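The structure appears below as structure tokens.
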Amino acid sequence: MSSPRIVAPDAAGINEAARLIQAGDVVAFPTETVYGLGADATNDTAVARVFAVKGRPSFNPLIVHVANIGAAKHLVRWTALADKLAAQFWPGALTLVLERGADCPLSLLVSAGLPSVAIRLPAHDIATALITAAGCPIAAPSANASGAISPTTAAHVAASLGDKVPLIVDGGPCQVGLESTVIDLTGDSPILLRPGGVALEAIEAVIGRSIPSALDDQVHPKSPGMLASHYAPRAELRLNAVSAEPGETLLGFGSSAPAGATNLSARGDLEEAAANLFALLHRLDETATKIAVMPVPDTGLGRAINDRLRRAAKRD
Ligand code: TXA
Ligand code: MG
């Protein structure tokens, strides 16, 4: 594994990083919590690349980073409670999960097919400068290989991802060094999805009530990893289908799919298939009653694709 390029966070470094993001590539950058592996949050292929570079076994939804509150309001259905929390904790280590807004331009893959999106305004000048220069919201999980410890220096990122990441913007050590606190605001009352950089007590003090935790099994959040059937299309799914039976609509994969069929990737490319997965399922679900999905190889991103397909096929 050879070394990635590490650049200073000056105008030249920020501009180079912004150009890579605009081109659909990924870049590691500092935030006050941990280093993020950033991509254009509106670009399915760029978001798929984040999962590929991290080697994530499944498509967990990613946090979308914005440079100001106004930008957040364009992406989600903003609420009074979001306003209250953002006024107190943004910029900062608090992530708010809110419903996707009407005409939300974000990739469906960024929220792993959920109707919600996690959003954060980081308290880090280099991060907000990069988001502004790129001109798009930036999706970013921690910039480490899946299962490894989160990176709080550029050297950690380089050690974990090597040259799988083309560029690291070096902002020195992260101040918070712990991921953001994630609060789900999509239900009747807020739920803690992940403890993090902002103390729960501080949030409870602002809201004026206690917040139950999803780690407590009395609480049932709309949290992805915890639900077997987390992306549930209306249509029935039949997996590993060789071809479509009468009444079924085919979702193909690879060159053996019939010409003209909807195809996750006609050239059998798993990164392309990952980028297309949620958008194509949504599109077919508008008209199909049964969707027959051709087999996808269970390697690399294919494992995550199959994981999500299995969840989508579950009827519970
Ligand atoms: O501090 C941080 O939050 C760092 C820096 C880079 O900003 N980012 C980070 O992202 O930790 P990530 O992708 O590793 O963590 C995302 C967390 C996961 O726990 C995920 O389940 C939750 O946020 N999440 C994201 N979108 C969600 C959604 N729509 N509904 C529920 N949970 C969501
Ligand atoms: Mg992480």
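If you're wondering where the values come from, they're calculated on a predicted model, not measured in any experiment. As the structure lists them, so they are numbered: ligands from 1, and atoms in each ligand from 1.
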Leu114 and ligand 1 - part of the residue with a heavy-atom distance under 4.0 Å: side chain

From CG (Asp44) to CG (Leu106), nearest 0.5 Å: 10.5 Å

Does only the side chain of Leu193 get under 4.0 Å from ligand 1, or the backbone, or both, or neither? Count heavy atoms. side chain

Under a 3.5 Å cutoff, is there a donor and acceptor pairing between the side chains of Arg77 and Thr186? no

Of all the atoms in ligand 1, which lie at a distance below 4.0 Å from a heavy atom belonging to His65? 5 (C), 6 (C), 7 (O)

Test applied, side-chain contact (heavy atoms from CB on, under 4.5 Å); reference residue, Leu277; option that passes from Leu108, Leu109, Leu309: Leu309

For Lys290, is there an ion pair with Glu245 - N to carboxylate O distance below 4.0 angstrom? no

Give the ring-plane orientation class for His65 versus Phe29, where under 30° counts as parallel, over 60° as perpendicular and anything between as tilted. perpendicular

Can you list the ligand 1 atoms lying under 4.0 Å from a non-hydrogen atom of Ala140? 6 (C), 8 (N), 10 (O)

Could you tell me which atoms of ligand 1, counted from 1 in the order shown, lie closer than 4.0 angstrom to a heavy atom of Ser116? 28 (C), 29 (N), 30 (N)

Pairs satisfying salt bridge (Lys or Arg N to Asp or Glu O under 4.0 Å), at least one member in residues 21-42, at least two apart: Asp25-Arg49, Glu32-Arg120

At a 4.0 Å threshold, what atoms of ligand 1 neighbour a non-hydrogen atom of Ala118? 25 (C), 26 (N), 27 (C)

Under 4.0 Å, heavy-atom basis, I'd like to know which part of Arg194 is in contact with ligand 1: side chain, backbone, both or neither. side chain

Among Ile63, Thr31, Val182, which residue places a heavy atom closest to atom 16 (C) of ligand 1? Ile63

Do any side-chain atoms of residues 252-261 form donor-acceptor pairs under 3.5 angstrom with protein atoms, and if so which ones, sequence neighbours left out?
none

Best match, Ser146, Pro141, Ser180: closest heavy atom to atom 3 (O) of ligand 1: Ser180

So Thr33 and Pro122, do their side chains get closer than 4.5 Å, heavy atoms only? no

For Gly36, atoms of ligand 1 separated by under 4.0 Å from a heavy atom: 6 (C)

Nitrogen or oxygen atoms of Thr33 and ligand 1 under 3.5 Å apart: yes

